[in-house]
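I have placed the structure first, in the form of C-alpha cells, so that the comments after it can refer back to it.
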Amino acid sequence: MERTVRGAAEAAPPPGAPLADDTAAVPARTVAVLARTVAVAARPVAGLLDGLPRQRGATAPASASVPADARPAARAARWWRLLPTPAGTPFTFAYVAVLAVTSAVATLADPHLVHVLHQGSSTDVDHLLHAPVPVLLASALWIAGGVFSPYALALVLVLTALERRIGGTGTVCVFLAGHVLATLATEVPIGLAVLSGHLPQTSLHRLDYGVSFGVAASIGALAGLLRPWLRRPLLVLFGGVLVQNLIAFTDPLTDCGHLISLAIGVGTWPLVRRRQRCRTA
C-alpha cells in the first residue's frame, strides 16, 4: 500500500473555511485564548483534586513522603516515651531517682543498718498507730527485691505511661490510694486479730514496706485508659499472677493486698478517664 503526502495548502485550510465534514476551521489565536482561559479556570479546582483518591500508579506528592533516614529516629522517639523524663514526667522521674538512691543504699550499706532502716519504715500496726503519715511515706521509698525486681520495672513503665495521660497529680493520687488503702486493709485485720487473741503480739511489728501496692493500683488505673484489646490481656495476666501467688500461700497478707490495690486502681477508671479527657481537650 503506497503512502501519499498532501500539500501544505491542502493540510491547513484558511481560517473560517469549511472543512471536509462541513465544519469551520478555528483560528489558532482563538485556540490559544481558549487554552489560557481553561488553565486559569482550572487553578482553583486543582487544589480540590488533591483530596480525591489517587489512581493506581499515581505518584504521591513530595511533601507527603517521609525520608527513609527519619523513620528510625521516629521509632526511637516513640521508644524513649516509655521512659520518664524531667520535662514530660517530672513526678515519675524524681521518684525513680529517689528509689535508685535508696536501692543503692540497700545494696551497698551494712546489712544491719539496712535492716534498721527497713524496720523504721515498716507499715506495721505499731507504726501505723503512732506515726501513720511518716511511716506510710517512708515505706514507699524502698523496693522490696531491689531495682531488678519485676515491680521495679513495672513502676518505671506504668507510672511513666500513666503520668503522660493524667498528669503528675493524678498519678500521685492513684499511687497513694493503692499504697495507703491496701496497707490499711491488710494491717487493720492483724491488729484486730491480736486484740482478740488469735495472733501473737509479735504480729504488731511485722516487716512491711515497698512500692508494690502502689504499682498494682497504677496498673489497674492504666488498664482503664488502654484499648480493650490491650486492657483485657493486661488485667488477665497480672491478675492471674496475683491469684497464683495467693494460692501458693507464701505471703497471703501481701498477696491479698496486691489484689486489693489492683481493685482500687480499677475503681479509679471514671476519674482517670475524666482527667485524661480534660488534658486532651
Side-chain angles (χ1 to χ4, degrees), residues 95 98-155 158-159 172-220 238-267:
Y95 189 35
V98 172
L99 290 175
V101 173
T102 57
S103 298
V105 171
T107 303
L108 302 176
D110 181 72
H112 177 70
L113 175 62
V114 173
H115 177 74
V116 171
L117 293 175
H118 286 168
Q119 190 66 49
S121 305
S122 175
T123 52
D124 51 51
V125 177
D126 183 62
H127 283 148
L128 289 175
L129 288 175
H130 294 89
V133 175
V135 75
L136 284 170
L137 295 177
S139 64
L141 300 179
W142 305 95
I143 300 179
V147 293
F148 299 107
S149 66
Y151 279 101
L153 178 61
L155 181 141
V158 173
L159 290 190
V172 172
C173 292
V174 170
F175 185 89
L176 288 181
H179 178 68
V180 173
L181 296 180
T183 298
L184 295 177
T186 54
E187 294 296 336
V188 170
I190 294 178
L192 296 177
V194 172
L195 289 178
S196 61
H198 291 85
L199 288 177
Q201 291 289 330
T202 55
S203 299
L204 298 177
H205 305 280
R206 188 179 72 95
L207 191 63
D208 185 16
Y209 65 92
V211 300
S212 58
F213 289 171
V215 173
S218 300
I219 292 175
F238 185 64
V241 171
L242 298 183
V243 172
Q244 184 178 3
N245 293 338
L246 184 61
I247 294 175
F249 214 72
T250 55
D251 191 357
L253 284 175
T254 301
D255 296 330
C256 185
H258 290 152
L259 286 173
I260 293 173
S261 57
L262 178 62
I264 292 172
V266 173

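The figures that follow rest on heavy atoms only: side chains count, while hydrogens, waters and symmetry mates do not.
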Taking all non-hydrogen atoms of both residues, which atom of [X] and which atom of [Y] are closest, and how far apart?
| X | Y | answer |
| --- | --- | --- |
| S103 | L99 | OG-O, 2.7 Å |
| Q119 | D124 | NE2-OD2, 3.8 Å |
| I190 | S203 | CG2-O, 3.7 Å |
| S261 | G178 | CB-O, 4.1 Å |
| P252 | T250 | CD-C, 3.8 Å |
| V215 | F175 | N-CE1, 3.7 Å |

(request) Give a yes or no answer on whether the side chain of S139 reaches the backbone of G210 with a donor-acceptor pair at less than 3.5 Å. (result) no
(request) Could you walk me through whether I260 and L181 pass the side-chain contact (heavy atoms from CB on, under 4.5 Å) test, one step at a time? (result) CA-CA 8 Å; I260 293 173; L181 296 180; over 6 Å; no
Please report the interatomic distance [atom1]([X]) to [atom2]([Y]), rounded to the nearest 0.5 Å.
| X | Y | atom1 | atom2 | answer |
| --- | --- | --- | --- | --- |
| I264 | L259 | CD1 | CG | 11.0 Å |
| L204 | T202 | CG | OG1 | 8.0 Å |
| S218 | L155 | OG | CG | 7.5 Å |
| H118 | D208 | NE2 | CG | 12.0 Å |
| L113 | L108 | CG | CG | 11.5 Å |
| Y151 | L153 | OH | CG | 12.5 Å |

Under 4.5 Å between any side-chain heavy atoms of [X] and [Y], yes or no?
| X | Y | result |
| --- | --- | --- |
| T186 | T123 | no |
| L199 | V194 | yes |
| L262 | H258 | no |
| W142 | V211 | no |
| I247 | Q244 | no |
| L184 | L128 | yes |
| F213 | V180 | no |
| L137 | V133 | yes |

(request) Report, as yes or no, whether the 6.0 Å neighbourhood of atom NE2 on H198 holds more than 12 heavy atoms from other residues, nucleotides or ligands. (result) no
(request) Please assess I143 against S149 for the test side-chain contact (heavy atoms from CB on, under 4.5 Å), listing each intermediate value before the final yes or no. (result) CA-CA 8 Å; I143 300 179; S149 66; 3.5 Å; yes
(request) Verify the distance criterion only: is there a donor paired with an acceptor across the side chains of S122 and H127 at less than 3.5 Å? (result) no
